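Working notes, beginning with the structure itself.
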Amino acid sequence: MADSAESSSRPAQRNRMVDSVSAKAQEVIKEDYDKAKVVTMDALKSRSYLYPIKGIFYFISHRALWKPFISRLGPYITLSVGVIGSMFALTYVPQLAVLVFVNGPLAVFTTVLLVLNESAAIVNVVSRNWLLQDALLDTFDGTLVSRNATNVVTEGRELKSGSDPIQRLGKILKTPFDRFSPKAFIRYLIHLPLNFIPVVGTAVFILLQGNRGQSVHDRYFQLKKWSNSQKNDWLSKHAGPYTGFGLVATLLEMIPLASIFFTYTNAVGAALWAADIEAMNTRMTDETAPTLREKAKNAE
């Protein structure tokens with residue numbers, strides 16, 4: 001009888017355990033959903049997602065900002081051709097042999113996309129660390145100068161007289177942007193295969209890459225002489241706006257052959273955003289773009 005009672009209680013215990021795990025899972029999902037909802041609402045309220053687009057139009061309409069871009073265009077194309085050619089020669093066939101078991105006949109095309117994405121990741125790391133770093137710095141600082149935020153720029157470099165914002169840039173007094181870390185590069189490569197899951201996989205990949213938005217103002221924080229605690233506090237309070245910027249910037253830089261152009265326009269957009277923050281000295285999530293424009297007119 002005792003054995004019978006014990007055996008009958010086991011299913012009940014398992015059911016309670018399953019119910020407990022299910023309740024915890026639902027709790028976690030709800031917490032993540034609520035957090036994502038808050039981040040999304042903050043991003044929409046701040047309209048930070050518009051700054052990468054503003055960067056495109058501002059860059060096109062200000063020819064002086066083209067100089068850093070043009071100066072690196074030739075070497076960037078040479079680097080891209082070399083990396084893409086080497087990747088296809090060395091990695092296409094081995095990866096095709098693996099993907100053919102997953103994608104069947106479509107592996108011929110999906111492998112091409114994978115190699116192109118891998119090549120873009122390598123080019124991005126190499127170019128940002130050694131080829132484009134100074135040019136992107138000049139683009140960011142030059143945009144701030146063109147927006148009359150010279151008081152901020154002078155904290156990190158000397159400025160000359162004149163009207164051309166790029167020619168006014170003098171000696172750098174502070175180390176520029178942080179280099180793209182190996183950990184970030186490895187994380188990017190790990191996330192790449194998500195693109196082969198139709199629709200959902202690509203969406204998840206873009207969302208994961210959207211976190212890079214938190215690094216777009218590293219130069220601005222440096223010029224402001226903020227400590228790590230100040231920077232982290234600011235980023236935690238404005239996670240939504242930076243995620244919104246990062247998502248749009250990532251989408252633009254994923255466009256084949258045009259990624260270098262959008263890398264520069266995203267730097268311009270980040271600088272325009274920093275100039276607005278500096279001019280209004282306000283919390284991003286408390287202001288909308290129309291409100292900022294109204295304040296700017298009143299200031300004039």
Side-chain angles (χ1 to χ4, degrees), residues 46 48 50-72 127-180 212-235 238 241-242 245-246 249 261-284 287 292-293 295-296 299-300:
S46 71
S48 61
L50 294 176
Y51 280 100
I53 308 301
K54 292 179 181 179
I56 296 172
F57 291 102
Y58 196 87
F59 182 79
I60 291 174
S61 61
H62 291 73
R63 294 178 63 91
L65 298 177
W66 296 6
K67 295 173 186 176
F69 169 71
I70 294 173
S71 69
R72 296 294 191 275
S127 61
R128 280 182 175 274
N129 279 303
W130 293 283
L131 184 62
L132 303 181
Q133 189 181 44
D134 291 342
L136 289 173
L137 176 72
D138 289 345
T139 301
F140 187 90
D141 288 355
T143 303
L144 287 176
V145 171
S146 72
R147 285 290 306 273
N148 298 317
T150 54
N151 59 317
V152 180
V153 181
T154 52
E155 295 296 328
R157 73 189 305 164
E158 297 176 354
L159 287 181
K160 307 172 186 176
S161 59
S163 57
D164 187 308
I166 298 298
Q167 290 184 351
R168 289 191 64 187
L169 302 177
K171 180 181 177 182
I172 297 174
L173 304 177
K174 289 185 179 180
T175 304
F177 301 108
D178 292 335
R179 294 183 181 274
F180 196 71
R212 58 161 281 199
Q214 297 204 350
S215 66
V216 300
H217 276 163
D218 281 350
R219 174 61 172 172
Y220 177 56
F221 299 145
Q222 181 189 60
L223 294 174
K224 294 289 289 182
K225 298 181 179 179
W226 281 8
S227 65
N228 285 332
S229 60
Q230 286 177 299
K231 181 177 74 172
N232 292 335
D233 181 61
W234 173 268
L235 291 174
H238 302 96
Y242 282 100
F245 184 100
F261 173 76
F262 291 119
T263 297
Y264 278 87
T265 60
N266 285 337
V268 173
L272 293 176
W273 187 13
D276 283 345
I277 295 171
E278 190 67 17
M280 302 307 159
N281 191 27
T282 184
R283 288 174 59 89
M284 289 176 282
E287 302 290 349
L292 290 174
R293 285 196 294 269
K295 282 192 174 184
E300 293 175 358

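Values below: all heavy atoms of this structure, side chains included; hydrogens, waters and symmetry mates excluded. Just so it is clear, the structure is predicted and the values come from calculations on it, not from any experiment.
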So, taking the atom named CZ in R63 and the one named CD1 in I166, what distance separates them when rounded to the nearest 0.5 Å? 13.5 Å
For the atom pair CG (L272) and CZ (F57), what is the distance rounded to the nearest 0.5 Å? 12.5 Å
Please name all residues satisfying side-chain hydrogen bond (donor to acceptor under 3.5 Å, both in side chains) with N232, sequence neighbours left out, ordered by chain then number. none
Rounded distance [0.5 Å steps], CD1 in I56 versus CZ in F262: 4.5 Å
Using ring-ring contact (aromatic ring centres under 6.0 Å, His included) as the criterion, list what pairs up with F69, not counting sequence neighbours. F59, Y264
Which atom names give the shortest non-hydrogen contact between P52 and A249, and what distance separates them? CG-N, 4.1 Å
When you look at D138 and K67, which way does the side chain to side chain contact (heavy atoms under 4.5 Å, CB included) test go after all the steps? CA-CA 9 Å; D138 289 345; K67 295 173 186 176; over 6 Å; no
I277 side chain reached by Y220 side chain, heavy atoms, under 4.5 Å: yes
Please determine, by modelled atom types, if W273 and Y242 share a side-chain donor-acceptor pair under 3.5 angstrom. no
Quickly, which of K225, R219, K224 forms a side-chain hydrogen bond (donor to acceptor under 3.5 Å, both in side chains) with Q222? Name it, please. R219
Give me the atom names and distance for the closest heavy-atom approach of R72 to L131. NE-O, 2.7 Å
Return the CG to CG distance between D141 and L223, rounded to the nearest 0.5 Å. 6.0 Å
Apply side-chain hydrogen bond (donor to acceptor under 3.5 Å, both in side chains) to N148 and list each qualifying residue two or more places apart in sequence or on a separate chain. none
Give me the atom names and distance for the closest heavy-atom approach of L173 to T154. CD1-O, 4.3 Å
Atom pair CG/NZ of L169 and K160 - distance to nearest 0.5 Å: 8.5 Å
Which heavy atom in T139 sits nearest to a heavy atom in L65, and how many Å separate them? O-CD2, 4.5 Å
Parallel under 30°, tilted from 30 to 60°, perpendicular over 60°: which one fits the rings of W234 and F221? perpendicular
G55 and V268: which non-hydrogen atoms are nearest, and at how many Å? O-CG1, 3.7 Å
Considering residues at least two apart in sequence or located in another chain, which fulfil the side chain to side chain contact (heavy atoms under 4.5 Å, CB included) criterion with A271? F140, T143, L144
Does V153 form a side chain to side chain contact (heavy atoms under 4.5 Å, CB included) with R168? I'd like the steps, not just the answer. CA-CA 11 Å; V153 181; R168 289 191 64 187; over 6 Å; no
As an exercise, state the distance from CG of L159 to OG1 of T150, rounded to the nearest 0.5 Å. 6.5 Å
Please find the pair of heavy atoms, one from W66 and one from I60, that lie closest to each other, and give the distance. CZ2-O, 3.3 Å
For R147, what residues pass the salt bridge (Lys or Arg N to Asp or Glu O under 4.0 Å) criterion, not counting sequence neighbours? D276
The criterion is side chain to side chain contact (heavy atoms under 4.5 Å, CB included); which residues satisfy it with S71, sequence neighbours excluded? none
